[in-house]
S.K.: 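Got a structure for you, questions after.
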Protein chains: 2
Amino acid sequence: MRLNLPTNRQLQYFIALEKHRHFGKAAEACFVSQPAFSVAIQELESLLNVQLVDRNKKQVTITAIGKAIATQARLALTDMEVIIDIARENQQPLSGHLSLGVIPTIAPFLLPELLPRLRKSFPKLDLFLHEDQTERVYELMMQGQLDVILIALPYRLRGVESLSLFRDNFHLACRKGSRLIDPENYVIDNLPEESVLLLEDGHCLRDHALSACKIRSLDKVSKITASSLLTLVQMVDADLGVTFIPEMALHSNLLKHTHIITRPLAKNSFREIGLVWRKGSRRTKEFKLLAGQIQPKGE
Amino acid sequence: MRLNLPTNRQLQYFIALEKHRHFGKAAEACFVSQPAFSVAIQELESLLNVQLVDRNKKQVTITAIGKAIATQARLALTDMEVIIDIARENQQPLSGHLSLGVIPTIAPFLLPELLPRLRKSFPKLDLFLHEDQTERVYELMMQGQLDVILIALPYRLRGVESLSLFRDNFHLACRKGSRLIDPENYVIDNLPEESVLLLEDGHCLRDHALSACKIRSLDKVSKITASSLLTLVQMVDADLGVTFIPEMALHSNLLKHTHIITRPLAKNSFREIGLVWRKGSRRTKEFKLLAGQIQPKGE
DNA sequence: AACTAGTGATAGCTATTTTCTATTATAAAC
DNA sequence: GTTTATAATAGAAAATAGCTATCACTAGTT
């Protein structure tokens, strides 16, 4: 029989193990159970007839030969990926599978317009969407689960390249005739205590809004938070407070059937919408092309 | 999910297809059925979303992109093999799996002594033996089915390296008191017609013996042939003819309980025993070590 | 010493993937 | 117009990979 080669799976698992030095964690990173992972590592060891890891001590140690093999394994897997790249380069750009992460404060405002346009311009594109907060889509991207993410900047990210698409200005939003504020003539710092409503922690919009409105004291911020823009708007409509809404949301029907009015903030009160991908990704060209398709809404 | 890579299997199949330009033959070379093979190629095409082969015409043609991918695939598989090599280099030489091909006119005379010696010196060696004629073991070796072969030289081979181990002299063998020949004083060319018995075609011993005895005319050679040395000896014992026996066979019990006597031929009447492997094999060192273990019998 | 937490291995079962045999479809050759 | 050669398809069987639950071992703790 032909010489038995290690499988990609076994090598991927082993490389994960070398990185995490922990079976359980490496297994998790590979999205398999720990037993399945352990078995795969054992298979690899028995196939190569070599001990790759020391499990003697409390901690996992990769043997010397294990390290050498991990290095070569990375090479082999990279070669495999190059096969994919060659195949993809041969195709039209933006065709085939592409997984895009979008944060919840962008998705409902940009996607309804973007998706039909993409479908029309790139009919062979098989888009997979994942909506989650910045931290989560970033992690998924770095793990290779997502190809590219559409998020709001600034955001502290490492190992990425990004393209800034456009500014998204913040607007003050309050109920018409609010007892809290006169929208035509107000000073943030004169707002009553706890009258600024924001999204709950984890949403970058919370931080961006805070930074945009240049609030001095967190006392102005309500302890009550909303878990979605929709809820937030409902709270403002009930005059429980005021908030700051990104411009792209204004052109949606988020504020329809409410008594909320909005006023622009100062010109430098904005978040930036950006497309972000892993540094050195082989699909950079495609991402730039994709970026060109993403326009601020309603202009 | 993590980016799906092509499997080694798919790449191996595709490389075979690129070589044979024929689904059925490539499948056979991979030791799978044609449907399984076809399915694997289709899987690869669908995974890469690229057409690798043109099946339009009567003949299979690899597309341009297919050729590029085949090249990269060979790279990737070589990397995989290097993993195996690294693992093996780390082990003792002559340990783990080794498949050895031996021809039938050597195996019964050298192996009974060789195998116990190997088992003792290299207890971790897991030897797989295959006995067949030179042409066949050579083919199996070139296909990667066998690592190394033990055969008689000279033999026309391409793409191999070899190590000559020792000379194996031919001896005349005839029944004691044969009516055909006086073993103490004979001339080959005076032998009666069809009195030289040889193995059937395909056995290299037939050609080596013919060349060793320097026979002038094929008229001396019997039309009756034997398919094994044992049969040949029985025929000589029945005084149906004479033959030429390699020295290693004399020290076996092949001639026990027969009335056959043997006489050395001229000094330059010999075949050479050699160990042969694929050119550039990464296990060359081991093969040379193995060669050192193979001794002429009974000296 | 017994207990607990942490970690990797093992067992038994299920789901998925791969392969096989048999058959079909299609195009060229006689 | 049949025959031949070749690859694709269907459906069952076999092999592989995965999961949950559990065990076994080690190191600290009580």
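Any value given below was found using the heavy atoms of this structure, including those in side chains, with hydrogens, waters and symmetry copies removed. Proteins come first, then strands; the chains are lettered A, B, ... in the order of their sequence lines, and each starts at number 1.
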S.K.: Would you sort out whether B:Glu45 and B:Arg55 count as a salt bridge (Lys or Arg N to Asp or Glu O under 4.0 Å), showing the intermediate values?
M.R.: CA-CA 13 Å; B:Glu45 285 185 317; B:Arg55 305 123 159 122; 3.0 Å; yes
S.K.: Looking only at the side chain of B:Glu43 (C-beta and beyond, no hydrogens), which of the listed nucleotides D:dG18, C:dA9, C:dT18 gets closest?
M.R.: C:dT18
S.K.: Grab the CD-P distance between B:Glu28 and D:dA7 for me, whole Å please.
M.R.: 13 Å
S.K.: Side chain of B:Pro35, heavy atoms from C-beta onward: which of C:dT10, C:dT19, D:dA10 has the nearest atom to it?
M.R.: D:dA10
S.K.: Describe, in one word, how the ring planes of A:Phe287 and A:Trp277 are oriented to each other, choosing from parallel (under 30°), tilted (30 to 60°) and perpendicular (over 60°).
M.R.: tilted
S.K.: C:dA9 P sits how many Å from A:Glu45 CD, rounded?
M.R.: 8 Å
S.K.: According to the side-chain hydrogen bond (donor to acceptor under 3.5 Å, both in side chains) rule, which pairs have a member within residues 16-30 of chain B, sequence neighbours left out?
M.R.: B:Glu18-B:Arg74
S.K.: Does A:Ser33 place a side-chain N or O at less than 4.0 Å from the phosphate oxygens OP1/OP2 of D:dG18?
M.R.: no
S.K.: Roughly how many Å is it from CG in B:Leu44 to C1' in D:dA7, rounded to a whole number?
M.R.: 17 Å
S.K.: List in numerical order all residues of residues 14-27 of chain B for which some heavy atom is under 4.0 Å away from an atom belonging to DNA chain D.
M.R.: B:His22, B:Phe23, B:Gly24
S.K.: How close or far is atom C1' of C:dT19 from atom CD1 of B:Ile41, stated in whole angstroms?
M.R.: 15 Å
S.K.: Round to the nearest Å and state the distance from B:Phe37 atom CZ to D:dT6 atom P.
M.R.: 14 Å
S.K.: Roughly, in whole Å, what's the span from CD in B:Gln10 to P in C:dT17?
M.R.: 12 Å
S.K.: For C:dT10, take OP1 and OP2 only and decide whether either is under 4.0 Å from a side-chain N or O of A:Gln42.
M.R.: yes
S.K.: Does the side chain of A:Tyr13 get closer than 4.0 angstrom to OP1 or OP2 of D:dG18 through an N or O atom?
M.R.: yes
S.K.: Once salt bridge (Lys or Arg N to Asp or Glu O under 4.0 Å) is applied, do any residues pair with B:Glu135, and if so which ones, sequence neighbours excluded?
M.R.: none
S.K.: Using modelled atom types only, decide if a donor and an acceptor are shared between the side chain of A:Gln293 and the backbone of A:Leu290 within a distance under 3.5 Å.
M.R.: no
S.K.: Sort out for me which residue in A:Val102, A:Leu115, A:Leu150 forms a side chain to side chain contact (heavy atoms under 4.5 Å, CB included) with A:Leu110.
M.R.: A:Leu150
S.K.: Tell me whether the OP1 or OP2 atom of C:dA9 has a side-chain N or O from A:Ser38 closer than 4.0 Å.
M.R.: yes
S.K.: Tell me: CD of B:Gln34 to C1' of C:dA25, nearest whole Å?
M.R.: 12 Å
S.K.: Distance-only, no hydrogens or angles: does the A:Ser162 side chain make a donor-acceptor pair with backbone N or O of A:Leu275 under 3.5 Å?
M.R.: no
S.K.: Can you tell me if B:Arg9 touches the phosphate of C:dT17, counting only side-chain N or O atoms and a distance under 4.0 Å to OP1 or OP2?
M.R.: no
S.K.: Are B:Arg55 and D:dT6 close enough that a side-chain N or O sits under 4.0 Å from OP1 or OP2?
M.R.: no
